[in-house]
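Structure first, commentary second.
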Amino acid sequence: MLRAMSSAAKHRTVLVVEDEDDIRAAIAEILEGEGYDVTVACNGREAMEELTDVRYVPSLILLDLMMPEMNGHEFLERRKAIARLRNVPVMVLTAVTTDIPHGANGLLRKPFSVEELLDAVRSMLPIAA
């Protein structure tokens, strides 16, 4: 079944930072199917490399907490130092905690359904009036 791209998804970019290949690929496929532009990174270090391009400012960052090389907490700390990213909302994806980490705007508990993912993304990216 084909879905019309929602106006909420038009020109919205999401950076997915997740070390589990299957989860990262599934999230990207779901969001791309809804019309979002998706960039993926397998850890915080790789995400920071993506964000060094000053032309790239995602509309939303979906961030796993438990990752090798640079975990989600370290990523959140380093993100604070980049002025152009301070207003980009961050939704943490985790099975570990129910507390929203400092520097994040929301939390989505793993495992989550497709609808829970889409609802969480939409809640972080309200339709501009």
Side-chain angles (χ1 to χ4, degrees):
M1 178 170 101
L2 292 174
R3 293 185 193 172
M5 185 184 341
S6 72
S7 60
K10 289 180 184 174
H11 308 294
R12 300 295 183 134
T13 59
V14 179
L15 173 59
V16 178
V17 188
E18 167 65 61
D19 64 320
E20 295 289 334
D21 294 340
D22 293 343
I23 295 172
R24 186 175 61 248
I27 292 171
E29 183 177 332
I30 291 163
L31 295 178
E32 287 169 345
E34 291 294 312
Y36 294 93
D37 292 325
V38 179
T39 302
V40 295
C42 64
N43 57 54
R45 181 195 51 76
E46 191 174 288
M48 278 298 171
E49 288 174 7
E50 288 289 336
L51 294 167
T52 59
D53 181 349
V54 296
R55 297 167 295 176
Y56 179 62
V57 179
S59 304
L60 172 65
I61 299 171
L62 297 179
L63 178 67
D64 185 20
L65 284 184
M66 306 301 289
M67 298 178 290
E69 294 191 50
M70 181 190 300
N71 67 38
H73 295 287
E74 293 169 305
F75 175 88
L76 288 169
E77 190 62 33
R78 291 189 186 186
R79 174 183 159 267
K80 287 191 311 189
I82 305 171
R84 66 185 167 78
L85 299 177
R86 288 188 191 133
N87 293 324
V88 175
V90 176
M91 173 72 68
V92 168
L93 311 173
T94 186
V96 178
T97 184
T98 57
D99 297 325
I100 299 172
H102 182 70
N105 303 89
L107 182 136
L108 183 59
R109 296 271 305 156
K110 292 178 182 177
F112 47 80
S113 70
V114 170
E115 278 309 310
E116 289 170 327
L117 172 65
L118 293 174
D119 287 347
V121 169
R122 289 181 194 121
S123 75
M124 293 284 111
L125 299 173
I127 297 172

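Note that the structure is a prediction, hence the values are computed from the model and not measured. Positions are given from 1 along the sequence.
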Could E20 and R24 be called an ion pair, given the rule that one side-chain N must be under 4.0 Å from one carboxylate O? no

Co-membership, hydrophobic cluster, residues I23 and V40, 4.5 Å side-chain: yes

Judged by atom type as modelled, is there a donor-acceptor pair below 3.5 Å linking the side chain of S59 to the main-chain atoms of T13? yes

With sequence neighbours left out, what residues match E29 under side chain to side chain contact (heavy atoms under 4.5 Å, CB included)? none

Determine whether more than 12 heavy atoms belonging to other residues, nucleotides or ligands lie under 6.0 Å from atom CG of D53. yes

Atom CG of L108 and atom CG of L63: how far apart are they, to the nearest 0.5 Å? 12.0 Å

A side-chain contact here means heavy atoms from C-beta on lying under 4.5 Å apart; do V121 and M91 qualify? no

Euclidean distance, L76 CG relative to H102 NE2, rounded to 0.5 Å: 9.0 Å

Would F112 and I27 satisfy side chain to side chain contact (heavy atoms under 4.5 Å, CB included), going step by step from the backbone distance to the final call? CA-CA 11 Å; F112 47 80; I27 292 171; 3.9 Å; yes

Donor-acceptor under 3.5 Å (R84 side chain, Y56 main chain): yes

Between R79 and L51, is there a side-chain heavy-atom distance shorter than 4.5 Å? no

Under 4.5 Å between any side-chain heavy atoms of P58 and D37, yes or no? no

Kindly compute the distance separating CG (N105) from CD1 (I100), expressed to the nearest 0.5 Å. 8.0 Å

Any non-hydrogen side-chain atom of L31 less than 4.5 Å from a side-chain atom of L62? yes

Please determine whether the number of non-hydrogen atoms from other residues, nucleotides or ligands lying under 6.0 Å from atom CZ of R45 exceeds 12. yes

Between the OH atom in Y36 and the CG atom in L118, the distance rounded to the nearest 0.5 Å is 7.0 Å

Judged by atom type as modelled, is there a donor-acceptor pair below 3.5 Å linking the side chain of D64 to the main-chain atoms of V17? no

Out of curiosity, L93 CG to I61 CD1, how far, rounded to the nearest 0.5 Å? 11.5 Å

Taking the side chain from E46 and the backbone from N43, do they hold a donor-acceptor pair closer than 3.5 Å? no

Heavy atoms of M70 and M67 approach each other most closely as O-CE, 3.6 Å

Heavy atoms only: give me the nearest M66-V96 pair and the separation to one decimal. CG-CG2, 3.8 Å

Report yes or no: do V14 and I82 belong to one cluster of Ile/Leu/Val/Met/Phe/Trp/Tyr joined by side chain heavy-atom distances under 4.5 Å? no

Determine, using the 4.5 Å side-chain heavy-atom cutoff (strictly less than), whether V90 and L85 are members of one ILVMFWY cluster. yes

Give me the atom names and distance for the closest heavy-atom approach of F75 to G44. CD1-O, 3.8 Å

Less than 4.5 Å apart, side chain to side chain, heavy atoms only: is that true for D19 and E69? no

Are V88 and V16 connected, step by step, through hydrophobic side chains (Ile, Leu, Val, Met, Phe, Trp, Tyr) whose heavy atoms are closer than 4.5 Å? no

If the condition is side chain to side chain contact (heavy atoms under 4.5 Å, CB included), which residues does E32 pass it with, not counting sequence neighbours? V38

